[in-house]
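Since the structure comes first, as structure tokens, the remarks are kept for the end.
Below, each value reflects all heavy atoms present in this structure, side chains not excepted, and no hydrogens, waters or symmetry copies. Below, read A as the first sequence line, B as the second, and so on, with proteins coming before strands; counting in each chain starts at 1.
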Amino acid sequence: MKRTKIKELLSSPKTGEDVLVKGWVRTKRGNKNVVFIALNDGSTISNIQVVAEASSFNEDLLKDITTGACLAVTGKLVESQGQGQNVEIAAASIELYGKSDAETYPLQKKGHSMEFLREIAYLRPRTNTFGAVLRIRHSMSFAIHKYFNDKGFFYLHTPIITGSDAEGAGEMFHVTTMDLANVPHSNDGSVDFSNDFFGKPTNLTVSGQLEGELGALALGDIYTFGPTFRAENSNTPRHLAEFWMIEPEMAFYDLTDNMDLAEDFVKYLIRYALENCREDLDFLNNMIDKGLLERLNFVVANEFVRITYTEAVNILVNSGKKWEYKVGWGTDLQAEHERYLVEEHFKRPVILTDYPMSIKAFYMKQNDDGKTVRAMDVLFPGIGEIIGGSQREENYEKLLSRIRELKIPEKDLWWYLETRKFGTAPHSGFGLGFERLILFVTGMSNIRDVIPFPRTPKNAEF
RNA sequence: UCCUCAGUAGCUCAGUUGGUUAGAGCAAUGGACUGUUAAUCCAUGGGUCGUAAGUUCGAGUCUUACCUGGGGAGCCA
């Protein structure tokens, strides 16, 4: 008999038919005469109830059916006599694939703390919460590709290993095959990379943007979606050393086009989740965050506020609030300022634009005022900055002078500058932190719980 | 990296101004129960109190250092 997934079984139940299901035991209860097994195969958050008449099965087999054990069950799908479910399987035969010693299996029927589950990340996908999060994570990945594909964007694979140390987005992880116990040095005392694998210093990427721009200036509209690595010693519920980032880059987009795309993109993803992940979202709304569905619906239904950095500073200065960090034109906005704008003043997502040139990256297009750049940050409630982007500086002289002002090693960026020499074009792009999106969509509060195997300072287990 | 809180049974926690043999709920184990829904009821076992040093007649409790985790901040996505 062919195996049926539980999701399929529950969505279009054909009672009276014989079925074969395979999955892991969530709970077992019962008495002398009848045993009830809640079986889950990961295809959906719901379990199927397997009912076994004790007299029809070997006593030792029933004893070995404990929380966590893996079973293959054949039987007839019937209407349930109980209250909790519509259909159940009247078991005809049960094959035990894998026992699960109840005394040592870490997962119980009762709830566990997120901190404990993090320590057993090799098993936590078997819980309702992580099953829901991981299914939603998959759906969001798929929706991202679908959104861009439908819009005629091309998925560009930018390198994971990079030879330039120029973007300045964060501390980097070195990539080397050198024997670290015996690192060769040049005469001047510096590390000699000439015999290293690439013959020069290399790192894991902190952003695919610069290569993404090369793609946009050939293919028109591209996006990247891949792992990103930051060796920052950041210990917060919003940072990972290894995370996934989506970076669209579009030729002929100005900053307004860029904002329009970012807003449409994020709303599309949230709408996609609402339409396709309903059961999992309902579960998370009940168990994790009672305001989740309301917040998701609100974001989809309302325009994002768009104001300039200068306007934001005025609002903050005139708010009458006491700030831990001083607000003034030219300083970067702190978490408390962003939170005030999003959560108290406007009470909705906010896009801030036209930041001072001095606090933003070298590649952002300079405004005519000579002091601001065409940057945009999308700020979300509870998350903070979920998207950062800009129109890029396409003028060769302006870009070069900015690189020199900031003393960025020009020799590492020669290829990037070349694009401004040959057929340069106005273009824009942004980066969306995938896990931060998942945080928002799931209502989870710690970024370590929206990626299967989190990498953070002092933690690379599993 | 900084500030702050915490670490006691498999899990979640209680443990009084330092005082005899460290407790509870859940889980587990054994039993009861004719359809259960995180089942219920009865019983049983389970601890180097994060690690190391110190103060003291005496430390789960006080001190110091370190480790691990949470929350906040910075850096950022």
Side-chain angles (χ1 to χ4, degrees), chain A residues 26-38 46-55 63 66-68 78-85 88 90 100-120 127-128 167-171 206-209 227-247 262 287 323-325 332-339 359-361 377-380 383-389 430-440 445-451 456-459 461:
Chain A
R26 285 293 173 79
T27 66
K28 185 183 76 165
R29 47 185 174 264
N31 55 44
K32 243 190 245 172
N33 306 295
V34 62
V35 171
F36 302 94
I37 303 157
S46 305
N47 304 322
I48 186 87
Q49 173 158 282
V50 174
V51 184
E53 298 291 335
S55 57
K63 212 166 203 173
T66 55
T67 303
V78 296
E79 274 185 43
S80 178
Q81 298 170 34
Q83 293 298 310
Q85 56 283 317
E88 63 193 21
S100 174
D101 178 28
E103 289 194 63
T104 50
Y105 186 59
L107 287 173
Q108 303 170 184
K109 305 181 203 178
K110 290 260 176 185
H112 292 289
S113 68
M114 292 297 159
E115 291 79 16
F116 174 68
L117 290 173
R118 226 170 276 151
E119 290 172 13
I120 53 163
T127 64
N128 285 331
E167 215 258 338
E171 292 291 313
V206 292
S207 165
Q209 181 201 313
T228 310
F229 307 88
R230 306 262 169 104
E232 299 285 354
N233 190 11
S234 296
N235 294 285
T236 86
R238 293 179 307 281
H239 290 86
L240 291 165
E242 176 182 296
F243 63 100
W244 289 66
M245 193 153 61
I246 301 105
E247 295 177 290
M287 304 300 287
W323 305 110
E324 191 181 333
Y325 290 86
D332 208 354
L333 298 183
Q334 302 298 314
E336 58 174 340
H337 308 135
E338 296 183 349
R339 207 175 306 123
I359 59 172
K360 286 293 182 184
D377 281 3
V378 181
L379 309 178
F380 260 42
I383 311 281
E385 184 184 339
I386 194 167
I387 285 177
F430 61 82
L432 167 69
F434 185 53
E435 283 76 15
R436 290 196 179 166
L437 171 80
I438 304 299
L439 271 181
F440 186 77
S445 50
N446 193 313
I447 201 162
R448 295 158 198 205
D449 300 327
V450 296
I451 187 168
T456 52
K458 298 281 186 299
N459 184 7
E461 192 73 77

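Contact between A:A54 and A:K32 at its shortest, heavy atoms only, is CB-O, 2.9 Å. For the residue pair A:H112 and A:Q108, the shortest heavy atom distance occurs at NE2-N, 2.9 Å.
In this structure, B:rG69 and B:rC5 make a Watson-Crick or G-U wobble pair, each of the two defining distances being under 3.5 angstrom. Base pairing of B:rU34: no nucleotide in any strand meets the Watson-Crick or G-U wobble criterion (both distances under 3.5 Å). Remark: B:rU44 base-pairs with B:rA28; criterion is Watson-Crick or G-U wobble with both hydrogen-bond distances under 3.5 Å. With both pairing distances under 3.5 Å, B:rG19 is matched to B:rC57 as a Watson-Crick or G-U wobble pair. Taking a pair to require two hydrogen-bonding distances under 3.5 Å in either a Watson-Crick or a G-U wobble arrangement, B:rA52 pairs with B:rU64.
With RNA chain B read from its 5' end, the first of the two nearest nucleotides for A:E338 and A:G82 is the one closest to A:G82.
Under the 3.5 Å distance criterion, the side-chain polar atoms of A:E435 are matched with a main-chain donor or acceptor of A:W244. Checked by atom type and distance alone, the side chain of A:E88 never pairs as donor or acceptor with a backbone atom of A:V51 at under 3.5 Å. Checked by atom type and distance alone, the side chain of A:T66 pairs as donor or acceptor with a backbone atom of A:S100 at under 3.5 Å. Within the 3.5 Å criterion, the main-chain N or O of A:D449 finds no donor-acceptor partner in the side chain of A:R118.
A donor N or O paired with an acceptor N or O is not found under 3.5 Å between the base of B:rU34 and the side-chain atoms of A:E53. Applying the 3.5 Å distance criterion, the base of B:rG35 shares a donor-acceptor pair with the side chain of A:Q81. One donor-acceptor pair, N or O on each side, does fall under 3.5 Å between the base of B:rU36 and the side chain of A:Q49.
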N/O to N/O distances under 3.5 Å, protein versus nucleotides 72-74 of chain B:
| unit_1 | atom_1 | unit_2 | atom_2 | d |
| --- | --- | --- | --- | --- |
| B:rA73 | OP1 | A:R339 | NH2 | 2.4 |
| B:rA73 | O2' | A:Y325 | OH | 2.9 |
| B:rA73 | N6 | A:N235 | O | 3.4 |
| B:rG74 | OP1 | A:Q334 | OE1 | 2.7 |
| B:rG74 | OP1 | A:A335 | N | 3.4 |
| B:rG74 | N2 | A:N233 | O | 3.2 |

Can you check nucleotides 24-28 of chain B for protein contacts, nitrogen or oxygen pairs under 3.5 Å, and list what you find?
none

When the side chains of residues 236-243 of chain A are checked against the rest of the protein, which donor-acceptor pairs come out under 3.5 Å, sequence neighbours left out?
| unit_1 | atom_1 | unit_2 | atom_2 | d |
| --- | --- | --- | --- | --- |
| A:T236 | OG1 | A:R238 | N | 2.9 |
| A:T236 | OG1 | A:H239 | N | 3.3 |
| A:T236 | OG1 | A:H239 | ND1 | 2.6 |
| A:H239 | NE2 | A:R436 | NH2 | 3.4 |

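Remark: A:L333 CG to A:I359 CD1 distance equals 6.5 Å, nearest 0.5 Å. Atom CG of A:N233 and atom CD of A:E171 lie 10.0 Å apart (nearest 0.5 Å).
Among the heavy atoms of the strands lying under 4.0 Å from A:E88 is at least one base atom, whether or not backbone atoms are also near. A:F116 comes within 4.0 angstrom of the backbone, heavy atoms only, and of no base. Within 4.0 Å (heavy atoms only), A:T104 reaches no atom of the nucleic acid at all. A:R118 comes within 4.0 angstrom of the backbone, heavy atoms only, and of no base. Contact annotation for A:I386: backbone-only contact, meaning every heavy-atom pair under 4.0 Å involves sugar-phosphate atoms and none involves a base.
In this structure, A:E119 atom CD and B:rC67 atom P are separated by 18 Å, rounded to whole Å. Whole-Å rounding puts the A:N33 CG to B:rC33 C1' distance at 9 Å. In this structure, the CD atom of A:E115 is 18 Å from the P atom of B:rC5, given to the nearest Å. Taking atom NZ on A:K32 and atom P on B:rA32, their separation rounds to 6 Å, with Å as the unit. A:N128 places its CG atom 11 Å from the P atom of B:rA38, with the value rounded to the nearest Å. Atom P of nucleotide B:rC66 and atom NZ of A:K458 are separated by 13 Å, given to the nearest angstrom. Between A:M245 atom CE and B:rC76 atom P the separation is 13 Å, expressed in whole Å. Nucleotide B:rU12 holds its P atom 12 Å from the CG atom of A:L107, rounded to whole Å.
In this structure, a donor-acceptor pair under 3.5 Å is present between the side chains of A:R29 and A:T27.
In this model, the phosphate group of B:rG70 is approached by a side-chain N or O of A:R448 to a distance below 4.0 Å at OP1 or OP2. The side chain of A:R29 contributes no N or O atom lying less than 4.0 Å from OP1 or OP2 of B:rU36. Residue A:N31 places no side-chain N or O under 4.0 Å from the OP1 or OP2 atom of B:rA39.
For B:rU44 and B:rC5, the C1' atoms lie 37 Å apart once the distance is rounded to whole Å.
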